[in-house]
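Here's the structure we're looking at; comments come further down.
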2 protein chains.
Amino acid sequence: MIANTPNIITTPNIITPNIIEMNRENRVRTVSCHDCTKASVCPAYSAGAGLKAGDSGAPVHRNVRAGQNIYDAGDTFSGLYMVKSGFFKSSFIDYNGILQVTDFFFPGEIFGFDGIDGGHHKAILEALDIGSVCKIPLTLDGRRAGVLWNADTLVVLLQAASESISRDREMMYVLGKLSASRRFASFLLDISRRMAKSGFDPDAFRLCMSRNDIGNNLCLAVETVSRLINQFQSQGIIRVVRRDLRIIDRRKLEAVAEREFETEHLIGKAS
Amino acid sequence: MIANTPNIITTPNIITPNIIEMNRENRVRTVSCHDCTKASVCPAYSAGAGLKAGDSGAPVHRNVRAGQNIYDAGDTFSGLYMVKSGFFKSSFIDYNGILQVTDFFFPGEIFGFDGIDGGHHKAILEALDIGSVCKIPLTLDGRRAGVLWNADTLVVLLQAASESISRDREMMYVLGKLSASRRFASFLLDISRRMAKSGFDPDAFRLCMSRNDIGNNLCLAVETVSRLINQFQSQGIIRVVRRDLRIIDRRKLEAVAEREFETEHLIGKAS
DNA sequence: CGGTAACTTGACGAACATCAATGTGAGTGG
DNA sequence: CCACTCACATTGATGTTCGTCAAGTTACCG
């Protein structure tokens, strides 16, 4: 999918690793890691600081349109990805052929861990909008890391993996133990938090995914999600127009997520 | 909890790293990593091969009794643990004070990742039986790994973390999408597989955890677990006497887990 | 033994899925 | 500019799974 080394254009900037950016299919431009707004959270930055453009371990930038896949299930693992802009969806197809949305990714976040164990990606990674990612090449042949990788970098990766584990644990809890309304409230708060972390307004944002994706991710029927949106809206907690969402009463939303606030069970009841 | 360096007893064996074993409180004995049956799957083995007993990075062996904790929520992260024998339970307490059983660990498996992100353990790790673990000291001050750790070792850890992520994803799927009977069937198959991997009989083993723990882990009521055990038993799939379980018809168990086999919905129905 | 924790069994209802029908808006093409 | 389409979203009616409550039963440990 990503042209790895062949199309690399060497630029005057040879002190810092260069990034190949592909605009609409074949247009590419190189960017310096130093200019990257995500450098502070990027494991490639510390590791690649001494790399030259064209080195096999140099990060590769890629632009995508909505609906495009970064990788598919079964693709050979060849590195991790840092979201530079846009929003991404991670899903996989279970042995019954049913799609399962496992996660969403926001700018500044790292994905691709699903490919380390076993050497092949288990998930499908799809762009939900126009966006860009930076691929951090990483080879794990046997037990030896790619030559460009030092212990410091791997610690950063280990920390990212650990964060991913923590989030998954949280998610297991949400799926297993929480009612539909608490799940949805938790979901909104999580999105809001990550939006803020990515530099967006935590109280007014555009839901980048469909109701279907939300339902799938929370393991709720689409209809339930729809009803919850309405319920929250009529309770003055949020305000939604299509996919644009505004959190009106964050306190109340948190209360719902933590059960302090008993939501009227409008769902599944004959009115 | 674990005395780290003070009680180390240096032995004649100084070529390989030595392990401190503490029997009933204060009795300790040193063991060589070379004699360890889990060396092939242990990240400490490759990393520690050149260490001497007493070195700060040397693995530390510890024996535990049922009910003892390896670490508690909030404990400072100081390393990962490899299960040498026995069975362990990982749980945490959510912000509502409710206990959530997240995982079980079998001989040869590694736990402790919950402490890497943030530097403090989020989980409580309890021994379900008499057993022993080997602590693999690992410090992550800032972004720098403990001096004894090389890139190779960290790759092993990264792979273990990735496996943990894969397992968690699987679990999210189980919790969110599967019916009670499919969950329980999946649970039994998972236990069986891991039992086999640990060198036990995959078809006849002792459930090391209580019904309560199973229910909690699968996010099912204890009563439901009890009913499912009965149901599976009357369908000739398993045979259970207290905690001793035998898989009679593995094919059928797999079919239940994958929905091919429609379990009679004996539950919640007036007979 | 007797007391407690673990487990089983039954009855009932609530929460949510499912089914079905309708609404809505972004494209597309004339 | 208007019809047409198609995916996405809403809304209502009905049914099933599983949690909850309650009352046993059994093992276990002093």
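To find a chain, count down the sequence lines: A is the first, B the second, and so on, and within it residues start at 1.
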Could you go over nucleotides 28-30 of chain D and give all protein N or O partners under 3.5 Å, atom names and distances?
| unit_1 | atom_1 | unit_2 | atom_2 | d |
| --- | --- | --- | --- | --- |
| D:dC28 | OP1 | B:Arg242 | NE | 3.3 |

*Across the strands shown, which category fits B:Arg243 at heavy-atom distances under 4.0 angstrom: base, sugar-phosphate, nothing?*
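Sugar-phosphate only.
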
*NA contact type, B:Arg182, heavy-atom cut-off 4.0 Å: base, sugar-phosphate, or nothing?*
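Counting heavy atoms under 4.0 Å across all strands, no contact is made by B:Arg182.
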
Partner set under side-chain hydrogen bond (donor to acceptor under 3.5 Å, both in side chains) for [X], not counting sequence neighbours:
X	result
B:Thr102	B:Ser90
A:Glu109	A:Arg194
B:Lys177	A:Gln100, A:Asn216
A:Ser198	none

*Looking at B:Leu220, B:Val222, B:Thr224, which one forms a side-chain contact (heavy atoms from CB on, under 4.5 Å) with B:Arg211?*
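The passing option is B:Val222.
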
*Which pairs, with at least one residue in residues 164-218 of chain B and sequence neighbours excluded, count as a ring-ring contact (aromatic ring centres under 6.0 Å, His included)?*
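Output for this query lists B:Phe87-B:Phe200, B:Phe184-B:Phe232.
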
Review item, nucleotides 18-21 of chain C N/O atoms under 3.5 Å of protein N/O:
| unit_1 | atom_1 | unit_2 | atom_2 | d |
| --- | --- | --- | --- | --- |
| C:dT18 | O4 | A:Arg227 | NH2 | 3.1 |
| C:dC19 | N4 | A:Glu223 | OE2 | 3.0 |

Atom [atom1] of [X] and atom [atom2] of [N]: how far apart are they, to the nearest Å?
X	N	atom1	atom2	answer
B:Asn216	D:dT20	CG	P	12 Å
A:Asn230	D:dC8	CG	C1'	15 Å
A:Met209	D:dC8	CE	P	14 Å

_Can you list everything that forms a salt bridge (charged side-chain N to carboxylate O under 4.0 Å, His left out) with B:Arg206? Sequence neighbours excluded, please._
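Partners of B:Arg206 by the salt bridge (charged side-chain N to carboxylate O under 4.0 Å, His left out) criterion, ordered by chain and then number, come out as B:Asp244.
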
The criterion is side-chain contact (heavy atoms from CB on, under 4.5 Å); which residues satisfy it with [X], sequence neighbours excluded?
X	result
A:Ser164	A:Asp168, B:Ile165, B:Arg169
A:Asp129	none
A:Arg250	A:Leu189, A:Ser192, A:Pro202, A:Asp203, A:Ile247, A:Glu254

_Inter-end axis angle, the helix from C:dC1-D:dG30 to C:dG30-D:dC1, with every axis fitted to five base pairs (rounded, 10 degrees)_ =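 Result, rounded to 10 degrees: 40°.
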
_Using the ring centroid of each side chain, check whether B:Tyr81 and B:Tyr71 are separated by less than 6.0 Å._
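For B:Tyr81 and B:Tyr71, the ring centres are under 6.0 Å apart.
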
